[in-house]
Amino acid sequence: MKRLGVCIAGLDGAVASTMVAGAALLRRGLVQPIGLLSEPYTQSHALARWDDIVFAGWDPRSETIHDAALRHGVIGPCKLKPVRRDLAALKPWPAGADRIASFRREHKLDTVVVLNLLPTAQPAASKQYARLAAKHGCPFVNFTPNDCGERALRDVPFAGRDGKTGQTWLKSVLAPALRDRGLRVAGWFSTNLLGNEDGKVVGHPQLGEAKIRDKSKLLGEMLGYEPVHTVRIEYFPPRGDTKESWDYIEAEGFLGQPVQFRISARYPDSILAAPMCLDLCRFIALAARRGERGNQAWLSLYFKAPYGGPPHDFFQQEQALRRYLAGAASS
Ligand SMILES: NC(=O)c1ccc[n+]([C@@H]2O[C@H](COP(=O)([O-])OP(=O)(O)OC[C@H]3O[C@@H](n4cnc5c(N)ncnc54)[C@H](O)[C@@H]3O)[C@@H](O)[C@H]2O)c1
């Protein structure tokens with residue numbers, strides 16, 4: 001088994017602290033690996049086990065992961081208690097500090113992945129971390145909507161952009177199903193309320209532009225025509241990290257009769273995002289071990305705006321993942 005280092009830009013954030021705390025709970029066998037597509041491939045593809053993954057990263061907040069996790073409140077204090085000491089021992093490096101080489105040496109790591117979990121609308125800092133990854137030959141994952149300057153990453157495997165966690169994931173499941181049933185979608189209205197730090201940024205009319213663009217683009221490609229498509233994000237602090245989303249779909253059925261769907265969802269945003277980030281780190285380390293370079297399109301099911309473009313259809317993306325893994329098992 002290989003030892004894997006994961007360096008996270010934005011280590012004290014909601015997604016990062018949920019991910020690191022989740023991995024600590026998995027390591028101790030205190031939770032089930034729910035929502036982790038990589039888990040069944042651990043043995044067959046020699047993916048890093050939870051015991052063999054070491055986390056580090058950067059954040060100007062310089063809070064321990066335990067304090068960050070408590071502040072975000074995604075995981076309750078009781079659930080965190082058994083891993084409190086592990087999480088209290090982990091503090092971020094100062095933003096931008098070049099510590100990857102000593103981290104790799106100190107922990108005897110075979111692969112170090114850099115994962116971008118910076119706030120939205122931080123392209124300059126995102127590019128800085130992408131350049132650090134390229135300099136140290138590290139695979140890079142961009143879970144944010146930020147531009148990272150992908151040209152700098154051509155010699156390492158990379159994947160992105162913008163995690164497809166909740167509402168957009170459901171859209172990429174439902175739109176192909178409506179299309180394949182022959183229903184004609186006249187309009188799709190999506191709105192959501194989010195009250196965490198990310199919500200503060202993405203709910204801002206200018207700062208949230210990239211997120212709205214990523215959420216808007218894919219519907220026409222999946223349906224084969226452009227219905228009316230409205231996407232809104234509202235920052236609503238009382239909701240915290242638990243996102244509330246509504247979708248209203250107006251379609252035309254047999255005899256031109258209206259067919260309407262209303263979908264209401266509520267879920268902690270980071271609970272959907274964290275296992276996807278863990279999968280991405282384990283999978284992209286596999287790509288690195290196989291000598292892959294450049295965009296890893298087989299990981300596109302994890303992203304709203306995958307590098308390399310469509311398909312956005314979740315089922316086609318899922319098949320691409322399975323095909324790659326089948327090939328990786330036999331090689
Ligand atoms: N939660 C989801 O479901 C989801 C889905 C898709 C995409 N994303 C994206 O993931 C990213 C992280 O989301 P989050 O909710 O954890 O955000 P967050 O605001 O909680 O965390 C971001 C962290 O980055 C830190 N940071 C700011 N500048 C930095 C710098 N220069 N260097 C290092 N760290 C810096 C902040 O202090 C903060 O702790 C966002 O871009 C978000 O859009 C999240």
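If you're wondering where the values come from, they're calculated on a predicted model, not measured in any experiment. Counting convention: from 1, in listed order, for ligands and their atoms alike.
Residue pairs meeting the ring-ring contact (aromatic ring centres under 6.0 Å, His included) criterion with at least one member in residues 56-86, sequence neighbours excluded, are W58-W93, W58-Y129.
Protein heavy atom closest to atom 6 (C) of ligand 1, with residue, atom name and distance, is G163 O, 3.1 Å. Closest to atom 26 (N) of ligand 1, if we only count protein heavy atoms, is P60 CD, 3.7 Å. Counting only heavy atoms of the protein, atom 37 (O) of ligand 1 lies nearest to D59 OD1, 2.7 Å. Counting only heavy atoms of the protein, atom 2 (C) of ligand 1 lies nearest to D269 OD2, 3.4 Å. The protein non-hydrogen atom at the shortest distance from atom 41 (O) of ligand 1 is L118 O, 2.7 Å. Atom 16 (O) of ligand 1 has V15 N, 2.9 Å as its closest protein atom, hydrogens excluded (heavy atom only). In terms of protein heavy atoms, atom 12 (C) of ligand 1 is closest to L117 O, 3.4 Å. Closest to atom 15 (O) of ligand 1 among all protein heavy atoms lies D198 CB, 3.5 Å.
Salt-bridge annotation for E318 and R322: present, with a side-chain N of the basic residue lying under 4.0 Å from a carboxylate O of the acidic one. A salt bridge links R282 to E39: at least one charged side-chain nitrogen sits closer than 4.0 Å to a carboxylate oxygen. Of the charged side-chain nitrogens involved, at least one lies within less than 4.0 Å of a carboxylate oxygen, so that D214 and R161 count as a salt-bridged pair. Note on R3 versus D110: no salt bridge recorded, every NZ/NE/NH1/NH2 to OD/OE distance being 4.0 Å or above. The residues R71 and D12 are annotated as not salt-bridged, no charged nitrogen and carboxylate oxygen being separated by less than 4.0 angstrom.
By the 3.5 Å distance cut-off applied to N or O atoms, A14 is counted among the residues near ligand 1. For the pair T144 and ligand 1, the shortest N or O to N or O distance does not fall below 3.5 Å. Of the polar atoms of G13, at least one N or O is found under 3.5 Å from an N or O of ligand 1, judged by distance alone. On a distance-only criterion, E197 and ligand 1 share no N/O pair closer than 3.5 Å. At a 3.5 angstrom cut-off on N or O pairs, K304 does not count as close to ligand 1.
Judged by the 6.0 Å and 45° rule, R179 forms no cation-pi pair with Y225.
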_One pair to check against side chain to side chain contact (heavy atoms under 4.5 Å, CB included): E292 and F158. What are the steps and the verdict?_
CA-CA 9 Å; E292 309 279 14; F158 67 89; over 6 Å; no
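Residue A68 does not touch ligand 1, judged by heavy-atom distances below 4.0 Å. Heavy atoms of K164 found under 4.0 angstrom from ligand 1: none, in either backbone or side chain. At a heavy-atom cutoff of 4.0 Å, ligand 1 is contacted by no atom of Q128, backbone or side chain.
Using modelled atom types, one finds no donor on one side chain facing an acceptor on the other under 3.5 Å when comparing K91 with S62.
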Identify every side-chain donor-acceptor pair in residues 119-126 under 3.5 Å, counting partners at least two apart or on other chains, and give the distances.
unit_1 : atom_1 : unit_2 : atom_2 : d
S126   : OG     : N116   : ND2    : 3.1
S126   : OG     : Q122   : O      : 2.9
S126   : OG     : N146   : ND2    : 3.0

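Residue A273 has at least one heavy-atom neighbour below 4.0 Å for each of these atoms of ligand 1: 1 (N), 2 (C), 3 (O). Which parts of ligand 1 touch P145 is read off a 4.0 Å heavy-atom cut-off, strictly below it: atoms 41 (O), 43 (O).
Here the two rings, on W298 and F283, have centers that are under 6.0 Å apart.
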